[in-house]
Amino acid sequence: MSPSWVRASAPAKINLHLGVGPVRPDGFHPLATVYQAIGLLDVVTVSPASAWSVTVAGDDRLALSDVPTDDSNIVVRAAQSLAEHAGVEGAVSIQIEKGIPVAGGMAGGSADAAATLVACDALWQLATPREELLELAAGLGSDVPFALVGGTAIGTGRGEVVVPAMVRGEYWWVVASSSEGLSTPEVYGEFDVLADGGGLGDPDIPDELMAALRAHDLEKLVLALHNDLEPAALRLRPSLSDVLAAGVEESALGALLSGSGPSCLFLCSGREHAEQVAYGLRTADPLSLHSLGRVAVARGPVGGARVDRVG
Ligand code: ATP
């Protein structure tokens, strides 16, 4: 008997290194990135329906109103691409519960797409080979394959070519989201202005970062964290510098912008330390950190998109 609904979850991503090369003729930027999936999750529930529909729920501080509930939502494209691939007819209703900041530089939409792919695969009892799901994922967006794979991984191409990396131990992060999202294309646009058509070589993955991850050496890891998009995002949203500085003042080992921002990441030495830094940020003077949204603690690496329940 086929299930009447399937629930799946997928994690937010952070980039421990985000190297960006000069824009290509097709408009994309070549990336060399080290992804880590962390324990901030979106949950997607799919069930058969007579028409396609999307509903969105979650924490009010995550800018939920920016998530479309029509066919432009990436979850509809994800379900339809799998349906087309497998020759399935009929629509599904898709409920999204957001735990990942919207337009926060943490690939929340990509996580929803990955969760939808595995949920619909189970709903329609397709058992689609992993390679085929990864190909469909890459067609949906650069970060979707990583949301399927999870863990810690190197991403190249536009970020869609994902190879798992050797990493020891767990890493504790504080994630400070912003009350207002930042548009990824706008941040890349600003990046192009700053690069001014020159000075950029092909991006690559720094050996020091990979060595620090293999050894679980937090001191070396802090020194190796890097995001090429940070100057562009800070130009567009200067108040983020105050958030980054506040986390370090609260004793975080290091601070980094997540992807294209505006979420800020703080590396901590363990869970208790992360709780302490998060508490400090939550109780900081709201006037000095007026753009601060939800402050959460998350562990990485965690696994990729997976089916949680079938009913
Ligand atoms: P990117 O993945 O481009 O780095 P991001 O992580 O900053 O983006 P997302 O939360 O993925 O941000 O959303 C980017 C935009 O995509 C949103 O502003 C929204 O308009 C659109 N969008 C479409 N579907 C979704 C979805 N399921 N969840 C969130 N945003 C979505």
Side-chain angles (χ1 to χ4, degrees), residues 8-15 18 20 27-29 31 33 35-38 40-46 52-59 61-81 92-120 137-148 155 158-160 162 175-191 227-230 232-233 236-237 240 257-265 293-294 298 305:
S9 57
K13 64 87 193 170
I14 60 176
N15 304 84
L18 181 52
V20 183
F28 282 103
H29 293 80
L31 301 185
T33 189
Y35 290 115
Q36 184 163 87
I38 63 169
L40 281 187
L41 304 178
D42 275 4
V43 178
V44 166
T45 307
V46 297
W52 293 93
S53 69
V54 178
T55 59
V56 181
D59 190 322
R61 292 166 296 174
L62 300 180
L64 299 181
S65 57
D66 293 345
V67 181
T69 52
D70 58 13
D71 287 4
S72 69
N73 194 303
I74 191 169
V75 294
V76 177
R77 291 200 286 117
Q80 289 178 343
S81 74
V92 289
S93 76
I94 306 172
Q95 284 169 258
I96 306 172
E97 289 163 62
K98 302 262 347 155
I100 305 174
V102 176
M106 304 190 76
S110 303
D112 297 348
T116 302
L117 284 177
V118 299
C120 288
L140 292 164
S142 307
D143 291 334
V144 186
F146 176 69
L148 276 180
R158 292 180 281 116
E160 84 286 14
V162 174
V175 181
S177 63
S178 204
S179 48
E180 210 188 323
L182 255 182
S183 146
T184 303
E186 250 180 74
V187 174
Y188 274 100
E190 190 66 24
F191 172 86
N227 182 349
D228 272 349
L229 293 179
E230 198 167 300
L236 293 172
R237 187 75 60 79
L240 290 174
L257 192 78
S258 181
S260 55
S263 302
C264 295
L265 306 168
R294 187 192 61 174

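For reference, positions follow the sequence shown, starting with 1. Remember, it's 1-based here, ligands and their atoms both numbered in the order they're listed.
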Which of the atoms in ligand 1, numbered in the order shown and given with their element, are less than 4.0 Å from a heavy-atom of [X]?
| X | answer |
| --- | --- |
| G108 | 6 (O), 10 (O), 11 (O) |
| V102 | 10 (O) |
| D143 | 2 (O) |
| I74 | 23 (C), 24 (N), 27 (N) |
| D112 | 26 (C), 27 (N), 28 (N) |

For ligand 1, note which part of D42 has a heavy atom under 4.0 Å away: side chain, backbone, both or neither.
->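 Neither part.
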
Counting heavy atoms only, which part of K98 comes closer than 4.0 Å to ligand 1: side chain, backbone, both or neither?
->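 Looking at K98 and ligand 1, just side chain atoms fall under 4.0 Å.
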
Salt-bridge criterion met for K98 and D112 (N-O under 4.0 Å) |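 Salt bridge present between K98 and D112.
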
List the closest protein heavy-atom neighbour of [atom]: residue, atom name, distance to the nearest 0.1 Å.
| atom | result |
| --- | --- |
| atom 20 (O) of ligand 1 | D66 O, 3.2 Å |
| atom 11 (O) of ligand 1 | G109 N, 2.8 Å |
| atom 1 (P) of ligand 1 | T184 OG1, 3.6 Å |

With sequence neighbours left out, what residues match D66 under side chain to side chain donor-acceptor pair (under 3.5 Å)?
->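 D66: no side chain to side chain donor-acceptor pair (under 3.5 Å) contacts found.
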
Does the protein place any heavy atom closer than 4.0 Å to atom 15 (C) of ligand 1?
->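 Protein heavy atoms within 4.0 Å of atom 15 (C) of ligand 1 - there are none.
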
Can you tell if the side chain of D71 reaches within under 4.5 Å of the side chain of V54, non-hydrogen atoms only?
->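 Not touching, per the 4.5 Å side-chain cut-off.
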
If we only count heavy atoms from C-beta on, is the W52 to D70 side-chain gap below 4.5 Å?
->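 Contact flag for W52/D70 side chains = no.
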
Worked check of side-chain hydrogen bond (donor to acceptor under 3.5 Å, both in side chains) between S260 and T184 = CA-CA 6 Å; S260 55; T184 303; 3.2 Å; yes

[X]-ligand 1 polar pair, N/O distance under 3.5 Å:
| X | result |
| --- | --- |
| M106 | yes |
| I96 | no |
| P68 | no |

Heavy atom of A107, distance to ligand 1 below 4.0 Å |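 For ligand 1, residue contact (heavy atoms, under 4.0 Å) with A107 is present.
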
From atom 9 (P) of ligand 1, work out which of A103, A111, A63 has a heavy atom at the shortest distance.
->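 The option holding the nearest heavy atom is A103.
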
Shortest reach to atom 5 (P) of ligand 1 by a heavy atom, considering only P185, A115, G105 |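 That would be G105.
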
Could you tell me which residues satisfy side-chain contact (heavy atoms from CB on, under 4.5 Å) with S9, sequence neighbours excluded, listed by chain and number?
->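 Per chain and number, S9 pairs via side-chain contact (heavy atoms from CB on, under 4.5 Å) with L41, V43, R306, D308.
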
